[in-house]
Amino acid sequence: KLVDNSVIGVFKTNIRGEILFVNDAAVNIFKFKSREELLGSSVVKHYLDSSKREGIIEMLKKQKSINDFNIDYQTESGETIVVSLSAVLEGDEISGMFMDITEKVKGEKLLIELNEKLRNINDRIHFINEELKESHNKYLSLFNNTGTATCLLDEPGTILLCNTKFEELSGYIKEEI
């Protein structure tokens, strides 16, 4: 009853891939209409890359179990999904469970893409800031070395900035002006 009401797919296959048991969650994840459609069929046909099944069998033979192994499957409707698989090998039977993590994987990929875009934007902002500093320094150099007394005033007429030639002519230093 616990397995039947789980939202996680639970299964049992033999080592050849014949499906011996699935719960309702497995049926729903693989987009089948009933357990009967899956029972007795081969799980191998649902692997996007059937060689991955061979790799899983080899890992299970060596380690007896695997946990959180991500694999691409194809549903009955032809949709590609990513599942996180945990399984154990007992004799010639594989028992385990899996969760559909397709949306999680898509979200992670999107975060990676957005992070890369942000990194590019940050690099561009840094480049622009460096160019602004260089432009500002050129402006100040030109302003200070123009050979003509020059001041910048705000709207009410307060002196904001003056060059050295203005200091010489007025007899005041910048801090006094």
Side-chain angles (χ1 to χ4, degrees), residues 1-140:
K1 186 117 174 133
L2 177 66
V3 169
D4 289 336
N5 293 324
S6 175
V7 294
I8 295 173
V10 179
F11 70 93
K12 183 179 275 191
T13 69
N14 61 27
I15 204 138
R16 293 179 309 281
E18 182 183 357
I19 298 172
L20 307 173
F21 170 81
V22 290
N23 69 348
D24 287 339
V27 172
N28 292 334
I29 290 169
F30 283 114
K31 311 253 191 272
F32 279 86
K33 292 180 181 130
S34 68
R35 289 184 190 193
E36 291 71 33
E37 286 183 277
L38 277 168
L39 294 176
S41 68
S42 175
V43 73
V44 178
K45 72 178 185 177
H46 297 288
Y47 281 79
L48 218 51
D49 178 356
S50 60
S51 68
K52 297 281 186 186
R53 166 97 175 155
E54 296 160 17
I56 289 171
I57 300 293
E58 289 305 312
M59 281 192 285
L60 285 169
K61 285 180 179 178
K62 289 178 187 171
Q63 304 169 18
K64 299 295 180 203
S65 68
I66 57 171
N67 290 308
D68 296 320
F69 186 85
N70 292 359
I71 186 130
D72 295 336
Y73 282 105
Q74 188 170 23
T75 66
E76 182 65 6
S77 64
E79 176 186 354
T80 298
I81 61 171
V82 182
V83 300
S84 177
L85 173 70
S86 295
V88 294
L89 177 64
E90 296 168 328
D92 74 336
E93 290 185 342
I94 300 168
S95 300
M97 57 187 137
F98 58 91
M99 290 189 314
D100 183 351
I101 59 166
T102 306
E103 293 306 313
K104 177 184 178 235
V105 170
K106 285 179 182 177
E108 289 170 350
K109 286 179 181 176
L110 181 59
L111 281 174
I112 290 168
E113 289 172 16
L114 290 174
N115 194 25
E116 182 62 27
K117 287 180 181 180
L118 284 174
R119 201 173 8 259
N120 290 339
I121 290 169
N122 191 38
D123 289 347
R124 183 74 179 137
I125 288 170
H126 179 74
F127 175 76
I128 290 169
N129 279 336
E130 289 301 313
E131 287 202 340
L132 281 172
K133 284 179 192 174
E134 186 178 326
S135 177
H136 177 75
N137 289 338
K138 286 179 182 176
Y139 171 78
L140 282 179

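This chain uses plain numbering: 1 for the first residue, then up along the sequence. As a basis for the values below, the full set of heavy atoms in this structure was taken, side chains included, without hydrogen atoms, waters or symmetry mates.
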Student: Sub-3.5 Å donor-acceptor pair from the side chain of Ser50 to the main-chain atoms of Tyr47, do we have one?
Tutor: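 It does not hold such a pair.
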
Student: Please check if the distance between the ring centroids of Phe30 and Tyr73 is under 6.0 Å.
Tutor: yes

Student: Evaluate whether atom CE of Met59 has more than 12 neighbouring non-hydrogen atoms of other residues, nucleotides or ligands under 6.0 angstrom away.
Tutor: yes

Student: One thing to verify: whether Glu76 and Lys31 come together as a salt bridge, which I'm taking to mean a side-chain N less than 4.0 angstrom from a carboxylate O.
Tutor: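 No.
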
Student: Given side chains that start at C-beta, do those of Thr13 and Glu93 come closer than 4.5 Å, heavy atoms only?
Tutor: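 A side-chain contact under 4.5 Å is absent here.
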
Student: Within the 4.5 Å heavy-atom criterion, are Ser95 and Glu90 side-chain neighbours or not?
Tutor: yes

Student: Between Ser86 (side chain only) and Asp68 (backbone N and O only), is there a donor and an acceptor less than 3.5 Å apart?
Tutor: yes

Student: Roughly how far, to the nearest 0.5 Å, is the CG atom of Asp49 from the CG atom of Asp72?
Tutor: 8.5 Å

Student: Nearest 0.5 Å please: distance from the CZ atom of Arg124 over to the CG atom of Asn129.
Tutor: 11.0 Å

Student: Given the rule in the side chain to side chain contact (heavy atoms under 4.5 Å, CB included) test, do Leu39 and Leu20 qualify, once you have shown the distances and angles that lead to the verdict?
Tutor: CA-CA 6 Å; Leu39 294 176; Leu20 307 173; 6.0 Å; no

Student: Would Lys117 and Glu113 pass as an ion pair if we require N to O under 4.0 Å?
Tutor: no

Student: Quick one: CG on Leu60 to CD1 on Ile15, what's the gap to the nearest 0.5 Å?
Tutor: 7.5 Å

Student: Between Asp92 and Asn14 (side chain of the first, backbone of the second, donor and acceptor by atom type, cut-off under 3.5 Å), is there such a pair?
Tutor: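 No, the answer is negative, given that no donor and acceptor are paired below the 3.5 Å cut-off.
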
Student: Should the pair His46 and Phe32 be assigned to parallel (<30°), tilted (30 to 60°) or perpendicular (>60°) ring geometry?
Tutor: perpendicular

Student: Taking the basic N atoms (NZ, or NE/NH1/NH2) and the acidic carboxylate oxygens, is any pair closer than 4.0 Å for Glu108 and Lys104?
Tutor: yes

Student: Let me confirm one number: the CZ-CD1 distance from Phe98 to Ile81, rounded to the nearest 0.5 Å.
Tutor: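 Between atom CZ of Phe98 and atom CD1 of Ile81 there are 7.0 Å.
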
Student: Roughly how far apart are Gln63 CD and Asn67 CG, rounded to 0.5 Å?
Tutor: 9.0 Å

